[in-house]
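Below is one structure, written out as structure tokens; the observations come after it.
None of the values given here were measured: they were computed from a predicted structure.
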Amino acid sequence: MPPSGTKSLSKTRLTKEGGILERLNAGEIVIGDGGFVVALEKRGYVKAGPWTPEAAAEHPEAVRQLHREFLRAGSNVMQTFTFYCSDDKLENRGNKLTFTGTQINEAACDLAREVADEGDALVAGGVSQTPSYLSCKSDKEVKAIFKKQLDVFTKKNVDFLIVEYFEHVEEAVWAVEVLKEAGKPVAASLCIGPEGDMHGVSPGDCAVKLVKAGAQIVGVNCHFDPMTCVKTVKMMKEGVEKAGLKAHYMVQPLALHTPDCDCRGFIDLPEFPYALEPRALTRWDMHKYAREAYNAGIRFIGGCCGFEPYHIRAVAEELAQERGFLPAASEKHGLWGSALEMHTKPWVRARARRDYWENLKPATGRPHSASMSTPDGWGYTRGHAELMQQKEATSKDQLKQLFEMSKKK
């Protein structure tokens with residue numbers, strides 16, 4: 001880690017220069033934002049289960065405010081809040097919405113652009129995996145879904161595109177093939193770990209497929225903790241280099257500790273999604289993550305589920321020397337606890353030092369809590385009957401069957 005003496009750094013970047021590839025080609029560190037669906041679920045604007053982003057149209061003030069907090073914390077990419085915003089997902093399992101997919105996608109683009117233009121940020125339009133793919137629909141049918149979202153991103157002139165949160169590289173390749181038609185830079189991010197995608201394709205081979213399909217930036221997001229994600233991106237980088245190809249690399253992990261996850265990540269943990277808080281990473285964990293990602297050659301560094309603005313601020317502060325400036329939010333944050341020098345209690349003032357926070361082993365305050373869980377591990381993937389999706393709400397009989405299966409497993 002660099003020395004903590006960064007007080008002479010500028011608080012903000014003075015100029016806005018170039019698109020995503022120009023910045024990465026110049027060796028610049030690009031800091032992403034955090035996890036919108038989880039953050040907004042906790043704030044009361046997203047429903048856990050469908051995890052759909054209608055809040056962009058229903059409660060634009062909430063989405064706008066979260067964008068602004070990430071911008072202030074140091075993010076210079078504002079991703080459109082379009083996670084799971086394909087028509088087939090918006091209509092899945094009885095989900096009834098007032099707004100159409102097009103309306104939500106357009107509202108999300110407008111909000112991201114509004115906030116991006118308040119600072120040094122780019123707008124990224126994102127698509128994610130679909131229920132149609134899980135239900136074994138054809139590539140033509142799935143690609144038509146991505147194309148509908150792409151039409152909105154093209155109309156709204158986003159700066160670049162992200163294929164994000166894909167468990168199967170095959171579907172991600174289909175998405176890249178569609179999005180690259182817009183002529184804008186394409187990033188592709190899988191939600192996989194070191195074991196590869198759900199069909200057993202290794203991280204290295206996944207990355208090669210994505211680059212050959214047209215992605216200029218590849219990496220992973222979600223499902224796993226930061227160090228697991230960095231390890232996975234290293235494997236992707238090795239695969240791309242071995243194939244004689246070139247790419248930039250990105251990582252946007254969970255802000256959760258997941259050492260006990262299987263290949264499906266945190267969704268298999270029994271605490272998902274309502275009891276994950278004891279696994280949360282501290283801001284000091286984020287310093288370690290940012291340094292590890294940077295040392296691995298990753299230059300697009302952000303976060304996914306669980307990442308709050310203060311986590312992103314920690315990433316920006318860790319890399320402040322390399323970037324040459326601190327985020328605006330650092331005005332209210334003493335580096336490495338230095339603001340505690342102003343505390344009234346002497347034992348708290350004694351914590352105003354880097355070595356204290358760097359070496360602290362936080363307690364959970366839960367005397368009977370286990371440190372690890374056993375993942376559910378049902379083992380289902382594309383093609384299994386239980387993963388076939390439907391527009392109708394899950395019936396009581398279907399739920400009863402699932403409850404019984406859960407007891408047996």
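T52 is linked by a side-chain hydrogen bond (donor to acceptor under 3.5 Å, both in side chains) to E54, N95, counting only residues two or more places apart in sequence or in another chain. Considering only residues two or more places apart in sequence or on other chains, K42 meets the side chain to side chain contact (heavy atoms under 4.5 Å, CB included) condition with V38, E277. In terms of the side chain to side chain contact (heavy atoms under 4.5 Å, CB included) criterion, residue partners of D262 (sequence neighbours excluded) are, by chain and number, R264, D268, P375. Evaluation of the side chain to side chain contact (heavy atoms under 4.5 Å, CB included) rule for E292 yields M227, V230, K234 as partners, not counting sequence neighbours.
A donor-acceptor contact shorter than 3.5 Å links the side chain of R349 to the backbone of H343. Judged by distance alone, with hydrogens and angles left aside, the side-chain atoms of T282 form a donor-acceptor pair with the main-chain N or O of D285 at under 3.5 Å. T82 places no side-chain N or O within donor-acceptor distance of the main-chain N or O of N105, the cut-off being under 3.5 Å. A donor-acceptor distance shorter than 3.5 angstrom exists from the side chain of R43 to the backbone of A39, with no hydrogens or angles considered. Side-chain atoms of H287 never come within 3.5 Å of backbone atoms of W284 as a donor-acceptor pair (strictly under, hydrogens ignored). Q390 contributes a side-chain N or O that, together with a main-chain N or O of E392, makes up a donor-acceptor pair within less than 3.5 Å. Side-chain atoms of N76 come within 3.5 Å of backbone atoms of I31 as a donor-acceptor pair (strictly under, hydrogens ignored). Side chain of E171 to main chain of T130: a donor-acceptor pair is present (N/O by atom type, distance under 3.5 Å, no hydrogens or angles). Using modelled atom types, one side-chain atom of R299 and one backbone atom of Y294 make a donor-acceptor pair closer than 3.5 Å. The backbone N or O of I145 sits nowhere less than 3.5 Å from a side-chain atom of S86 that would complete a donor-acceptor pair.
Side chains of L111 and P60 form a contact here, defined as non-hydrogen atoms less than 4.5 Å apart. Side-chain contact between E106 and T102: present, with at least one pair of heavy atoms (C-beta onward) separated by less than 4.5 Å. The shortest distance between side-chain heavy atoms of F160 and V77 falls below 4.5 Å. The shortest distance between side-chain heavy atoms of S189 and Q252 does not fall below 4.5 Å. In this structure, the side chains of R291 and M286 stay at 4.5 Å or more apart for every pair of heavy atoms. Within the 4.5 Å cutoff, the side chain of L122 has no heavy atoms near those of the M78 side chain. With a 4.5 Å cut-off on side-chain heavy atoms, K237 and P203 do not count as touching. The shortest distance between side-chain heavy atoms of V201 and K209 falls below 4.5 Å.
In this structure, D225 does not pair ionically with K231, as no charged nitrogen and carboxylate oxygen lie closer than 4.0 Å. One finds no salt bridge joining D88 and K148 here, because no Lys/Arg side-chain nitrogen approaches an Asp/Glu carboxylate oxygen to under 4.0 Å. One finds no salt bridge joining K242 and E238 here, because no Lys/Arg side-chain nitrogen approaches an Asp/Glu carboxylate oxygen to under 4.0 Å.
Among residues at least two apart or in separate chains, side chain to side chain donor-acceptor pair (under 3.5 Å) pairs with a member in residues 175-186 are K143-E177, N157-K184. The salt bridge (charged side-chain N to carboxylate O under 4.0 Å, His left out) pairs that include a residue from residues 128-142 number zero, where partners must be two or more places apart or lie in different chains.
Distance check: K47 NZ to L40 CG gives 15.0 Å after rounding to the nearest 0.5 Å. The CG atom of L335 lies 6.0 Å from the OG atom of S330; values are rounded to the nearest 0.5 Å. The line from CD1 of I312 to CG of L71 is 11.5 Å long, rounded to the nearest 0.5 Å. Atoms CZ and CG, from F81 and D33 in turn, are 11.0 Å apart once rounded to the nearest 0.5 Å. Here the straight-line distance linking atom CG of L269 with atom CG of D376 works out to 8.5 Å at 0.5 Å rounding. A distance of 4.5 Å separates SG in C304 from CG in N221, rounded to the nearest 0.5 Å.
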Item to complete: Go through the steps to decide whether I20 and V30 satisfy the test side-chain contact (heavy atoms from CB on, under 4.5 Å), and finish with yes or no.
Response: CA-CA 8 Å; I20 186 67; V30 174; 3.9 Å; yes
From CA spacing to verdict: side-chain contact (heavy atoms from CB on, under 4.5 Å), M250, V218
CA-CA 6 Å; M250 67 184 295; V218 294; over 6 Å; no
Would F83 and Y165 satisfy ring-ring contact (aromatic ring centres under 6.0 Å, His included), going step by step from the backbone distance to the final call? CA-CA 9 Å; F83 177 79; Y165 194 79; 5.3 Å; yes
| request: Would you check, one step at a time, whether the test side-chain hydrogen bond (donor to acceptor under 3.5 Å, both in side chains) holds for Q79 with E164? | output: CA-CA 11 Å; Q79 284 189 229; E164 181 185 67; 3.2 Å; yes
Query raised in the report: Where do K155 and D151 land on the salt bridge (charged side-chain N to carboxylate O under 4.0 Å, His left out) test, with the steps shown first?
Result: CA-CA 6 Å; K155 174 184 175 182; D151 288 343; over 6 Å; no
Which is it for E317 and R283 under the salt bridge (charged side-chain N to carboxylate O under 4.0 Å, His left out) test, yes or no, and what are the steps along the way?
CA-CA 10 Å; E317 289 180 349; R283 65 194 69 194; over 6 Å; no
Worksheet item: How far apart are the C-alpha atoms of R23 and D159, what are their side-chain angles, what is the distance that settles it, and do they pass the salt bridge (charged side-chain N to carboxylate O under 4.0 Å, His left out) test?
Response: CA-CA 12 Å; R23 296 185 186 201; D159 297 307; over 6 Å; no
_Assess the residue pair F166 and C191 against the criterion (side-chain contact (heavy atoms from CB on, under 4.5 Å)); give the C-alpha distance rounded to whole Å, side-chain angles, the decisive distance to 0.1 Å, and a yes or no._
CA-CA 6 Å; F166 282 75; C191 50; 5.5 Å; no
Worksheet entry | Worked check of side-chain contact (heavy atoms from CB on, under 4.5 Å) between T228 and H223 | CA-CA 10 Å; T228 302; H223 276 206; over 6 Å; no
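Under the 30°/60° scheme for interplanar angles, the aromatic rings of H168 and Y133 are found to be tilted.
Of all heavy-atom pairs spanning V208 and G239, the tightest one is CG2-O, 3.5 Å. Across V158 and C109, no two heavy atoms sit closer than the pair CG1-SG, 4.1 Å. Here the closest non-hydrogen pair linking C261 and F224 is CB-CE2, 4.0 Å. Minimum heavy-atom separation, R313 to P327: CG-CG, 4.2 Å. Residue M236 comes nearest to G219 through the heavy atom pair CE-O, 3.5 Å, listed as atom of the first residue, atom of the second, then distance. Of all non-hydrogen atoms in F99 and Q103, the two that sit nearest each other are CA-OE1, 3.4 Å.
When ring centroids are compared, H67 and F36 come within the 6.0 Å threshold.
The closest side-chain donor-acceptor pair between Q65 and E61, if any, does not fall under 3.5 angstrom.
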